[in-house]
Amino acid sequence: MPELPEVETVVRYVRPNIVGKIIQGVIPQNNYDKVLATHTPKRFNKLVAGQSIIDVTRRGKYIALNFDNGFLLIHLRMTGRLLLKLSEDDKLKHLTAIINFTDKASLYFKDYRKFGRLYYYDSMDYINNKLGVEPLSKDFTGDWLYNNLHKNKRQLKPLLLDQGFIAGLGNIYVDEALWFARLHPQQISSVVSRKKSNVLHAAIQRLLQTAIDNQGTTIINFYFGEGEKGNFREQLQVFGRQDKKCPRCKTVIEKIRVAQRGTHICPHCQKI
DNA sequence: GGGATTGTTTAAAC
DNA sequence: CGTTTAAACAATCC
């Protein structure tokens with residue numbers, strides 16, 4: 001379940017291995033042309049073939065291969081993985097695309113649920129207009145969060161999950177951040193106090209940065225490189241810890257549903 | 001077999 | 001209009 005820290009971990013893993021390479025072609029696998037979200041395979045290849053990778057960056061949960069002219073974006077969705085080589089036991093039927101380079105190297109897109117997609121855009125404008133603030137950028141300030149929580153009248157959890165509000169948060173880090181700020185996920189955003197908003201702001205930034213430092217969180221299926229796991233799981237306070245005790249007050253953590261998503265809360269610390 | 005799981009988009013309902 | 005809910009997408013696990 002790659003969220004911002006996991007995507008950043010993948011970017012840092014592939015960047016030194018593919019910067020400078022020239023794309024020869026992008027080949028959908030297993031008849032899954034749908035993996036190319038923006039163009040037909042023929043058109044997609046016309047746009048990316050011959051392009052040199054200047055840099056690999058991240059915007060929200062998107063990975064961006066930067067060309068001199070244009071961008072190839074990759075979204076891992078839930079189970080997507082980027083591999084620099086295939087191991088013996090990699091199941092070929094789970095491959096959805098291969099990006100071939102002119103030096104015979106390849107970047108393999110493996111995705112057993114097939115939700116992950118590749119996109120080509122001339123500029124990042126389309127994606128930038130769709131996505132909200134980068135939570136680790138200087139634009140994401142305490143003032144920004146407080147003001148924008150109060151511009152909306154929505155439940156906190158679906159608001160924080162909305163990529164058009166803040167780009168990159170997912171189920172894990174939202175549950176963790178709300179617990180740190182002692183905020184109930186169904187609290188309406190416009191009534192959050194300045195004090196709690198500030199705690200939430202600090203928690204979001206600290207969680208994301210610490211998770212990146214620990215190469216992300218592996219719950220079930222986040223791996224990068226050659227099967228390496230993220231180490232942040234050990235630092236989770238509520239996510240996946242239903243029926244266990246709240247680290248703060250020892251109340252039993254509950255798993256509830258908010259906006260159709262499994263949601264972990266301490267019923268004592270987090271009240272509406 | 002039924003239900004939950006995950007992120008995002010889109011459509012419909014409120 | 002703003003917000004909420006549900007379905008769709010795919011495959012697997014319990």
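Below, read A as the first sequence line, B as the second, and so on, with proteins coming before strands; counting in each chain starts at 1. Side chains included, hydrogens not; waters and symmetry mates left out as well; all remaining heavy atoms used.
For the OP1/OP2 pair of C/dG2 and a distance below 4.0 Å, the side-chain nitrogens and oxygens of A/Asn152 include no atom meeting the criterion. Within the structure, every side-chain polar atom (N or O) of A/Lys114 is placed at least 4.0 Å from both OP1 and OP2 of C/dC9. Considering only side-chain N and O atoms, A/His94 lies nowhere under 4.0 angstrom from the phosphate OP1 or OP2 of C/dA10. Residue A/Lys153 places no side-chain N or O under 4.0 Å from the OP1 or OP2 atom of C/dT4.
Of the candidates C/dA11, C/dC9, C/dT4, the closest approach to any side-chain atom of A/Phe115 belongs to C/dC9. Comparing B/dA4, B/dT8, C/dT4 by their nearest atom to the side chain of A/His75 picks out B/dT8.
The nearest whole Å value for the distance from the NZ atom in A/Lys151 to the C1' atom in C/dT3 is 18 Å. In this structure, the NZ atom of A/Lys61 is 9 Å from the C1' atom of B/dT8, given to the nearest Å. Between the P atom of C/dT4 and the NZ atom of A/Lys157 lies a distance of 15 Å, rounded to the nearest Å. Nucleotide B/dT8 holds its P atom 16 Å from the CZ atom of A/Phe165, rounded to whole Å. Taking atom OH of residue A/Tyr112 and atom P of nucleotide C/dT12, one finds them 7 Å apart after rounding to whole Å. The nearest whole Å value for the distance from the CD atom in A/Gln186 to the P atom in C/dT3 is 17 Å. Protein atom OH of A/Tyr32 is 11 Å distant from nucleotide atom C1' of C/dA11, rounded to whole Å. At whole-Å resolution of the value, NZ in A/Lys34 and C1' in B/dT8 are 14 Å apart.
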What are the atom names and distances for every N/O pair under 3.5 Å that joins the protein to nucleotides 9-14 of chain B?
residue: B/dT9; atom: OP1; partner: A/Lys130; partner atom: NZ; Å: 2.4

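Considering only heavy atoms from C-beta on, A/Val258 stays 4.5 Å or farther from A/Ile265 through its side chain.
Residue A/Phe180 comes nearest to A/Ala203 through the heavy atom pair CB-CB, 3.8 Å, listed as atom of the first residue, atom of the second, then distance. Between A/His264 and A/Val238, the closest heavy-atom pair is CB-O, 3.4 Å.
With A/Asn100 contributing its side chain and A/Ile27 its backbone, the two residues share no donor-acceptor pair below 3.5 Å. Formation of a donor-acceptor pair under 3.5 Å by the A/Asp111 side chain with backbone atoms of A/Gly116 is found in this model. A donor-acceptor pair under 3.5 Å links the side-chain atoms of A/Glu176 to the main chain of A/Phe239, judged by distance alone.
More than 12 heavy atoms of other residues, nucleotides or ligands sit less than 6.0 Å from atom NZ of A/Lys130.
A/Asn171 comes within 4.0 angstrom of the backbone, heavy atoms only, and of no base.
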